[in-house]
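Worksheet: the structure to be examined is printed underneath.
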Amino acid sequence: MRQTQTGTTATGDDGAPFRYTSELASRIEQRWQDHWETQGTFNTPNPEGELADPDADVPSDKFFLMDMFPYPSGKGLHVGHPLGYIATDVLGRFKRMCGDNVLHALSYDAFGLPAEQYAVQTGQHPRKTTEENIVNMRRQLRRLGLAHDDRRSFATTDPGYIRWTQWIFLQIFDSWYDTEADGGRGRARPIDELVKEFDSGERPVPGGRAWVELDESERRRVVDEHRLAYVSESPVNWCPGLGTVLSNEEVTAEGRSERGNFPVFQRNLRQWMMRITAYADRLVDDLDRIDWPEKVRTMQRNWIGRSAGATVRFATDAGDLDVFTTRPDTLFGATFMVVAPEHPLVDGLTAASWPEETNDAWSGGHPTPAEAVAAYRAQAAAKTDVERQTEGRDKTGVFTGSFAVNPVDGNRIPVFVADYVLMGYGTGAIMAVPGQDERDWEFAERFELPIVRTVRPPDEFDGEAYTGDGPAINSSNDQVSLDGLYKDAAIAAIVEWLEKAGHGTGTTTYRLRDWLFSRQRYWGEPFPIVHDETGPIAVPDDQLPVLLPEVPDYAPKTYDADDADSTPESPLARSPEWAEVELDLGDGPKRYRRDTNTMPNWAGSCWYHLRYLDPTNDEQVVDPEIERYWMGPQPQRRGSGPQDPGGVDLYIGGVEHAVLHLLYARFWHKVLFDLGHVSSDEPYYRLFNQGYIQAYAYADRRGQYVPAEQVTEAVTDGATSYSYEGEPVSREYGKMGKSLKNIVTPDDMYDEFGADTFRVYEMSMGPLDQSRPWETRAVIGSHRFLQRVWRNVISEEAGATVVSDEPAGDETRRILHRTIDAVRADMDAMRFNTAVARMIELNNHLTKLDTVPREAAEPLVLMVAPVAPHVAEEMWSLLGHDRSLAYEPFPVADPALLVDETVTCVVQVAGKVRDRLQVPPSADDDMLRELALASEPVQRALDGQGVRKVIVRAPKLVNVVPG
RNA sequence: GCCCCCGUAGCCCAAUAGGCAGAGGCGGCGGACUUAAAAUCCGCACAGUGUCGGUUCAAAUCCGACCGGGGGCACCA
């Protein structure tokens, strides 16, 4: 045994050689970790294929459990990181003991900016640093004792994985979205089928010409426009500080990059896009079929931003002006129109001179509309989107000098230019209905425009614009009357009229835009695409994966963060011998140019759930039989009904990926579902967001952070103060980080207490979905608990079991079974904090006994096992069992022992407790009423007052109401 | 500005379905053990549930307003 020098749990030389100290814990833990690994204890059988168990069928009950996988960051882990991994491990171990076939593994999201940036900092190849980081992270996590099937662990950077990421990309590239399929819901179909439909004439060729008349490159251009992955020249988010373009989801509301917080500019560039907008409806609708936190579903709904309404056409002298509105029922209240400063029709609308009606507010004091509009546009252009939003909401704008005709009543209404209308949403033009829209009301007041109410507000309404529902008023013409109709009926009526009269159509718009998929970075999956003079061509399947070239400099070309006019440059283009290839794609060897973009790091995380299922398959992305077993719909088991979309049984991770990873992954999965590669049409059936472990940090007078673990706390007159080396410091609450000098690592915890203690502590800190502060000094409580369990079962002197084989006493037995009952329910509901509390309670009871009966010790050990698996295995083994307890059935409570012989009945007078009675559980109302009224303390409390009423809730409560 | 979540002992947190405010842990205090300390063990104290009002026989729990903390959305037509 090693000698210890320091540590709060050091063992003295004087006896107790088998006390559960951090040293003993470490030895037990590492031994069991080796045992599990060599025995393959947590290897999970597949129903077939390479990972099937040839000697046994798979259990029909299965549980597929996933963590959001980590970036192998070079910074290492702090104690906050493993929280979710411990929780999933505890649940997985519990489910396994309940008989489920549990699939649980952990892989690494190893491409992407963090890995690359770390590599750039250290001046080494990203592959090298990434691999080193993975090794280190695996070591730190192995020491936690996670029950993972290591055969199923991979990194997104593995060539065997890249091969399938690229294959899925090509599936998307080789697909189009048939909006008419499946009764109008739409479905992705292979692009070949589109070509056949063009060829046969079944589907008209865009442009009106026949398919046979098109030459090869014309045909390719037509087809390319239908692909779900396509190249387009369009305004994109260019981030010079990162040297790459970004997707909308990676840009914050402030117009900066989510990673690195660099400025982002709109530039027209040729980039790869994914047609996620084709799936907008299904991505919204299917949120109702999955078990996700409402918060995340709301965030996705907001992001997709579906709104139903109508497009209405207004005639102007400059041509038709289309607007989108969600309230076509208020069309009779449209008293003016507004177009965005960037709207293409602005020039045409700008009149030669001011019409008679113009006042100073409308003209802004300019002599002509042209000058007024030019000045306003210049002013608007000088402002960034952020400034437009942050500079208050005072409505500004200017009259164009033109009028439009309201199609419902023929009224001439003025057209304004104003920046409160955004070019990027709807059509960039609105009909303004001040009576029913707050923004329009403000504008109307400012510019002295008429306001007509077309929805009758309630009598008590005293506000300005009324946006609620109510009967329509002032809304009729010769052909249609909405008057008296409420919103939904009025919308239906007016849309019908608009469509019949040719003035508009019912329309749905979305905020969601197509996903910008290419990046100009080195450390990502190359596109399996080559280009010729016409466009992109897929690299043949047998040539996958396309691996990264070695380049002289893999760092991205970055620019001054504010250099909006710079242009992205792909590091892969620096390797001409890689980028230029000769291939025979069917028409003889030809020279092609490889695509030099890389995929965003989201690509790898879009499908990793599938790789866990069938990690060694190099024939198929996943064996359909295996996918159906683990992820297929299972309405009976979940009780979720015929709408069950299938998917991972439980997926735990932070809420920060609510609209990035989780939206992208759903999209990819749906494409694979449409193409028939998977049987589930959602990837993650149940999602759970764990909270964060945060920490206090302390700063001295100069604002410098001081080492948090050396800060002392003093309470004087009820006020708490903190000091470091005698000097007062101030406390802040937030993240754990090196610069804040408040990092605590799992390794610190392993050394000081052992992994089991660390696990117990993290699980007992509070509910899993809540964020909470780390407190190292409180960890000792969890250590004491395990130490007491150990002492109840094992002799600290002899290291052998001390349990007795005598039957347990009645009280012990009742407490045991109540505990089992509660712990099972808590585990099932992931209330690990209360589960641990119940086990502590039971253990504290056992401590008071002269000897601990085996009848209680063994269930306790089994219940502790999911949370503290190593020490539980050790005790189980010392109790005389020669097999791991990993598959031992979780204890089941005997219902007979859950019923108490007597219960305490509380007797209240006017709601205040006055007496407690011991009664049989079967006591009825009459009996309890009599007992209560006969109670001496009750009579004293009544003090001669009469009894108005007696409320009895048998058998636990009687409330006597005096009066 | 709008929407969502959360406020319970000094601290982290419990409290089935409205029914005794306390399960568990940290810290504190007292004691045992020790030459002493640490560790360990035994015991004890501490809040009336952010504030105000309402519903109810009864409210931490339901309703309303406000205060404080966290998060999301933000001129989306």
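Residue numbers start from 1 in every chain, and the chains themselves are labelled A, B, ... in the order their sequence lines are given, proteins ahead of strands.
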Problem - Any A:Ser307 side-chain N or O less than 4.0 Å from OP1/OP2 of B:A77 - result: yes
Problem - Rounded P spacing from B:A17 to B:U56 in Å - result: 23 Å
Completion exercise
Among B:G24, B:A58, B:C13, the one nearest any side-chain atom of A:Asn959 is B:A58
Completion exercise
Result for 5'-nearest mapping on RNA chain B, choosing between A:Gly766 and A:Met299, is A:Gly766
Handout entry: Under-4.0 Å side-chain N/O to phosphate OP1/OP2 contact, A:Gln770 with B:C13
Key = yes
Practice task
Take the protein atom CG of A:Asn302 and the nucleotide atom P of B:G71, then report the distance between them rounded to whole Å.
Solution key: 17 Å
Practice task
Round to the nearest Å and state the distance from A:Met765 atom CE to B:C11 atom P.
Solution key: 16 Å
Exercise for the section: Would you kindly say whether A:Trp292 and A:Gln300 are connected by a side-chain donor-acceptor distance under 3.5 Å? Expected result: no
Practice task
Would you indicate what A:Thr298 reaches in the nucleic acid, counting non-hydrogen atoms under 4.0 angstrom: base, sugar-phosphate, or nothing?
Solution key: nothing
Handout entry: C1' gap between B:C20 and B:C63, integer Å
Key = 25 Å
Problem - Any A:Lys949 side-chain nitrogen or oxygen under 4.0 Å from OP1 or OP2 of B:C57 - result: yes
Handout entry: Pairing partner (Watson-Crick or G-U wobble, both distances under 3.5 angstrom) of B:C33
Key = none
Exercise for the section: Return the orientation label for the A:Tyr722 and A:Tyr698 ring planes: parallel under 30°, perpendicular over 60°, tilted otherwise. Expected result: tilted
Practice task
Identify whether any heavy atom of A:Thr509 sits under 4.0 Å from a base atom; if not, whether one sits that close to sugar-phosphate; answer base, sugar-phosphate or nothing.
Solution key: nothing
Exercise for the section: Please measure how far the P atom in B:A36 lies from the corresponding atom in B:G31, and state the result in whole Å. Expected result: 14 Å
Practice task
Using the P atom as the reference point in each nucleotide, state the distance between B:C52 and B:C33 in Å, no decimals.
Solution key: 50 Å
Fill in the blank from the handout: Closest to the 5' end of RNA chain B, once A:Tyr696 and A:Thr904 are matched to their nearest nucleotides, is A:Tyr696
Fill in the blank from the handout: Smallest heavy-atom separation, A:Val495 atom then A:Gly506 atom, equals CG1-N, 3.8 Å
Handout entry: Nearest-angstrom distance from the residue atom NZ of A:Lys735 to C1' of B:G71
Key = 14 Å
Handout entry: Base partner of B:A21, which must satisfy Watson-Crick or wobble distances under 3.5 Å
Key = none
Problem - Check: A:Lys956 side chain, B:C20 base, donor-acceptor under 3.5 Å - result: no
Problem - Flag, side chain of A:Asp756 to backbone of A:Val871, donor-acceptor distance under 3.5 Å - result: yes
Practice task
Check whether any side-chain heavy atom of A:Thr311 lies under 4.5 Å from a side-chain heavy atom of A:Val323, and answer yes or no.
Solution key: no
Problem - Result of checking A:Trp774, A:Phe753, A:Phe785 against A:Tyr761 for ring pair (Phe, Tyr, Trp, His ring centres under 6.0 Å) - result: A:Trp774
Problem - A:Arg256 atom CZ, neighbour heavy-atom count above 12 within 6.0 Å - result: yes
Exercise for the section: Could you state the atom-to-atom distance from CG of A:Asp440 to P of B:C75 in whole Å? Expected result: 15 Å
Problem - Partner nucleotide, any strand, of B:A65 [Watson-Crick/G-U, under 3.5 Å] - result: B:U51
Fill in the blank from the handout: Here the distance between atom C1' of B:U40 and atom CD of A:Gln787, to the nearest Å, is 7 Å
Practice task
Using the C1' atoms only, state how far B:A38 lies from B:A32, rounded to an integer number of Å.
Solution key: 16 Å
Practice task
Taking only heavy atoms on the protein side, list every residue of residues 817-834 of chain A lying under 4.0 Å from any atom of RNA chain B, sorted numerically.
Solution key: A:Asn833, A:Thr834
Practice task
Taking atom P in both B:G27 and B:A65, compute the distance separating them and give it to the nearest angstrom.
Solution key: 43 Å
Handout entry: Sub-4.5 Å side-chain heavy-atom contact between A:Phe758 and A:Val779
Key = no
Exercise for the section: Evaluate the ring planes of A:Tyr696 and A:Tyr733, with Trp represented by its six-membered ring, and classify them as parallel (under 30°), tilted (30 to 60°) or perpendicular (over 60°). Expected result: tilted
Problem - Protein-nucleotide distance (A:Leu512, atom CG; B:C76, atom C1'), rounded to Å - result: 13 Å
Practice task
Using a 4.0 Å cut-off on protein heavy atoms (strictly under), produce a 5'-to-3' string for nucleotides 25-31 of chain B with B for base contact, S for backbone-only sugar-phosphate contact, and - for none.
Solution key: SSS----
Completion exercise
Closest to the side chain of A:Tyr420, out of B:C75, B:C12, B:A23, is B:C75
Exercise for the section: Report which part of the nucleic acid A:Val961 touches: base, sugar-phosphate, or nothing (heavy-atom distance under 4.0 Å, all strands). Expected result: sugar-phosphate
Handout entry: Chi-angle category of B:G64 [syn within 90° of 0, anti beyond]
Key = anti
Practice task
For nucleotides B:G25 and B:G68, find the distance between their C1' atoms and express it as a whole number of Å.
Solution key: 27 Å
Practice task
Report the C-alpha distance between A:Glu294 and A:Arg301 in whole Å, list the side-chain angles of each, state the deciding distance to 0.1 Å, and finish with yes or no for salt bridge (charged side-chain N to carboxylate O under 4.0 Å, His left out).
Solution key: CA-CA 10 Å; A:Glu294 194 47 48; A:Arg301 279 191 203 104; 3.1 Å; yes
Practice task
Could you state the atom-to-atom distance from CH2 of A:Trp774 to P of B:C12 in whole Å?
Solution key: 16 Å
Problem - Complement of B:A38, any strand, by Watson-Crick or G-U distances under 3.5 angstrom - result: none
Problem - Pairwise C1' distance, B:C6 and B:C76 [rounded to whole Å] - result: 30 Å
Practice task
Fit a plane to each ring of A:Tyr425 and A:Phe324, take the angle between them on a 0 to 90° scale, and name the class: parallel (under 30°), tilted (30 to 60°) or perpendicular (over 60°).
Solution key: perpendicular
Handout entry: G-U wobble or Watson-Crick pairing nucleotide for B:G1 (cut-off 3.5 Å, both distances)
Key = B:C73
Exercise for the section: Would you please confirm or rule out a distance under 4.0 Å between OP1 or OP2 of B:A74 and any side-chain N or O of A:Arg511? Expected result: yes
Handout entry: Over all atoms of both residues, closest heavy-atom pair of A:Ala334 and A:Ile413
Key = O-CG2, 3.8 Å
